[in-house]
Amino acid sequence: MNKGNLVVITAGGTGLIGHELIKQLLNETPIEHVYALSRKDLPFEHEKLQVIKNPNLEIKHWDDSLMTPEYGFISLGTTKKQAGSNQALEKVDFELVCKVTQQMKIIGVKRLCVVSSLGASAQSPSHYLRCKGKMELALSDMGFEKLVFVRPGPLVGIRDIPRTDERLVQSILGVLKPLMLGPLKRFIPIRAEKVAQAMQYALLEKTRFQIEILDSIDMLGLINKYR
C-alpha cells in the first residue's frame, strides 16, 4: 500500500478472510484508522481499531466528527449448513451484504471490495452461487467510485468453526494440483491472507475500470505485481 492517512471500514471480521484482513490493515503504516462493524467483540486490540458493535450489523448513528472511511471491505457470508435453510442463507449472503453496503455508502465510502465466490451468477442453478450473483448485481448499481468483487476458490486457513466440505475439497484439489492447468488454476485452493492482501491492492490500484471481478489467478497476479 502506498498512500497515506487512509481510513477504512470493514464488515465480517470474525470470518477467515475478514480476520486476516483486519490483522493486515492494522499493521499497514498508511492506514490511519480502522472501523470494524461486528456482531461481537474482536480478538484485536490496537490504537487504530474502533469496533462498531451491533447484533444486526447496523450503524445506528454516525457522528460527523468521526473520520470518514473512504475505503470499505465486506467479507460476510455463510453456508446453508450454518444458516439452516436457503432462505436464511439468502438473508446473509444477499440481504445483509446489500444493507451493510448501503450503510457504508451513506457514511462516505467511495471504494469498496467485497468477497463473493468463484462461479457467482444470478442465473446459477446453485442457490448459494445465485445469491452471490444477485448480490454482485445489486451492489453494481449503487454508484461506487470503484467496486471490486473477489471470487476466491477453496480457501486455505484455520476457521473458528471448521467446514468439513471445504477441507475435503482442499484435500482433493491438493492432490490434483499438478494437473490443474489453464482455467483450472482458479480452482486451486488459495490462502486467506493472500485474498486479504489482494483486496487491499485492488482498491488502491489505479485502473480505468469502475467495477472489477478478480478470481484467484487474478489475485495472485496482483500480489506478484506489487512485490
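Owing to the predicted nature of the structure, the values given are computational and were not obtained by experimental measurement.
- Scanning for salt bridge (charged side-chain N to carboxylate O under 4.0 Å, His left out) contacts around Lys99 gives Glu58, with sequence neighbours left out.
- Listed by chain and residue number, nothing satisfies the side-chain hydrogen bond (donor to acceptor under 3.5 Å, both in side chains) test with Ser85 (two or more places apart in sequence, or in another chain).
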Take Gln210 and Leu147, measure what side chain to side chain contact (heavy atoms under 4.5 Å, CB included) needs, and give me the verdict at the end. CA-CA 6 Å; Gln210 179 189 6; Leu147 177 62; 5.8 Å; no
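- With sequence neighbours excluded, no residue forms a salt bridge (charged side-chain N to carboxylate O under 4.0 Å, His left out) with Glu47.
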Extract all donor-acceptor atom pairs below 3.5 Å that involve side chains of residues 132-139 and protein atoms in other chains or at least two apart in sequence.
unit_1: Lys132; atom_1: NZ; unit_2: Asp93; atom_2: OD2; d: 3.1
unit_1: Lys134; atom_1: NZ; unit_2: Glu90; atom_2: OE2; d: 2.5
unit_1: Glu136; atom_1: OE1; unit_2: Arg151; atom_2: NH2; d: 2.6
unit_1: Glu136; atom_1: OE2; unit_2: Ser116; atom_2: OG; d: 2.6
unit_1: Glu136; atom_1: OE2; unit_2: Arg151; atom_2: NE; d: 3.1

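- The salt bridge (Lys or Arg N to Asp or Glu O under 4.0 Å) analysis of residues 8-19, with sequence neighbours excluded, yields no pairs.
- Residues that satisfy the salt bridge (charged side-chain N to carboxylate O under 4.0 Å, His left out) test with Asp141, not counting sequence neighbours, are absent from this structure.
- Within a 6.0 Å sphere centred on NZ of Lys80, heavy atoms belonging to other residues, nucleotides or ligands number 12 at most.
- For the ring pair (Phe, Tyr, Trp, His ring centres under 6.0 Å) condition, the pairs that include at least one residue of residues 21-41, sequence neighbours left out, are His33-Tyr35, Tyr35-Trp62.
- Residues forming a salt bridge (charged side-chain N to carboxylate O under 4.0 Å, His left out) with Lys23 (at least two apart in sequence, or on another chain): Glu20.
- If you run side chain to side chain contact (heavy atoms under 4.5 Å, CB included) between Met199 and each of Leu204, Ile74, Val115, Val148, only Val115 comes through.
- Residues Ser216 and Leu118 form no side-chain contact, since every pair of their non-hydrogen atoms from C-beta on lies 4.5 Å or further apart.
- Under the side-chain contact (heavy atoms from CB on, under 4.5 Å) criterion, Lys48 pairs with Leu26, Ile31, His46, not counting sequence neighbours.
- Residues passing the side-chain contact (heavy atoms from CB on, under 4.5 Å) test with Val92, sequence neighbours excluded: Thr78, Leu96.
- Not counting sequence neighbours, the partners of Ala36 by the side-chain contact (heavy atoms from CB on, under 4.5 Å) test are Thr10, Ile22, Leu42, Leu49.
- The list of salt bridge (Lys or Arg N to Asp or Glu O under 4.0 Å) pairs with a residue in residues 118-130, not counting sequence neighbours, is empty.
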